[in-house]
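Right, one structure below, let's go through it.
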Amino acid sequence: MRLSDLQHKDVINIIDGSKVGNIIDIKIDSNGNMEGLVVEKSKFFISMFSTKDELEIKWNQIEKIGEDVILVNVKL
C-alpha cells in the first residue's frame, strides 16, 4: 500500500464514530519504521478542541485499515 492510497481514506475515531480528518503525511523513525500518521483535522476538531490543525496518530492507535476508512482509537 502506498501513501497516496492511505490519503484517500477517511480517518474515523472508534470512540465516538466521528471523522478525525484525512492523512497528509506519515512519520518514520530513523530505522525506516512507520511511527504513525499525520492527519489534517476535520473542521469540527479544529474549532472544538484546539487551534492546531494537525494531529499525529501513533501506529498503536490504529485499529484497522479498511478499504475506505482507517479506524483509530484516539482520546481527545
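Position 1 is the first residue of the sequence; numbering continues from there.
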Spatial distance of atom CG (Asn13) from atom NZ (Lys75) [nearest 0.5 Å]: 10.0 Å

Validation row: Ile24, Glu54 side chains within 4.5 angstrom (heavy atoms): yes

Leu3 reachable from Leu55 in the ILVMFWY side-chain graph, under 4.5 Å edges: yes

Partners passing side-chain contact (heavy atoms from CB on, under 4.5 Å) against Ser30 (at least two apart in sequence or in another chain): none

Hphob cluster co-occupancy, Ile12 + Ile26, side-chain heavy atoms under 4.5 angstrom: no

Same apolar cluster (I L V M F W Y, side chains within < 4.5 Å links), Val69/Ile14: yes

Student check: side-chain heavy atoms of Ile23 and Ile70 closer than 4.5 Å: yes

Beyond-backbone contact of Ile15 with Val74, side-chain heavy atoms, under 4.5 angstrom: no

Distance in Å, His8 NE2 paired with Asp68 CG, rounded so as to fall on 0.5 Å steps: 12.0 Å

Tell me which donor-acceptor pairs under 3.5 Å the side chains of residues 56-65 have, and how far apart each pair is, sequence neighbours excluded?
from: Glu56; atom 1: OE1; to: Lys27; atom 2: NZ; distance (Å): 3.4
from: Glu56; atom 1: OE2; to: Lys58; atom 2: NZ; distance (Å): 3.1
from: Gln61; atom 1: OE1; to: Lys58; atom 2: N; distance (Å): 2.8

Residue pair Lys19, Asp10: steps toward the salt bridge (charged side-chain N to carboxylate O under 4.0 Å, His left out) verdict: CA-CA 7 Å; Lys19 179 179 175 182; Asp10 289 330; 3.3 Å; yes

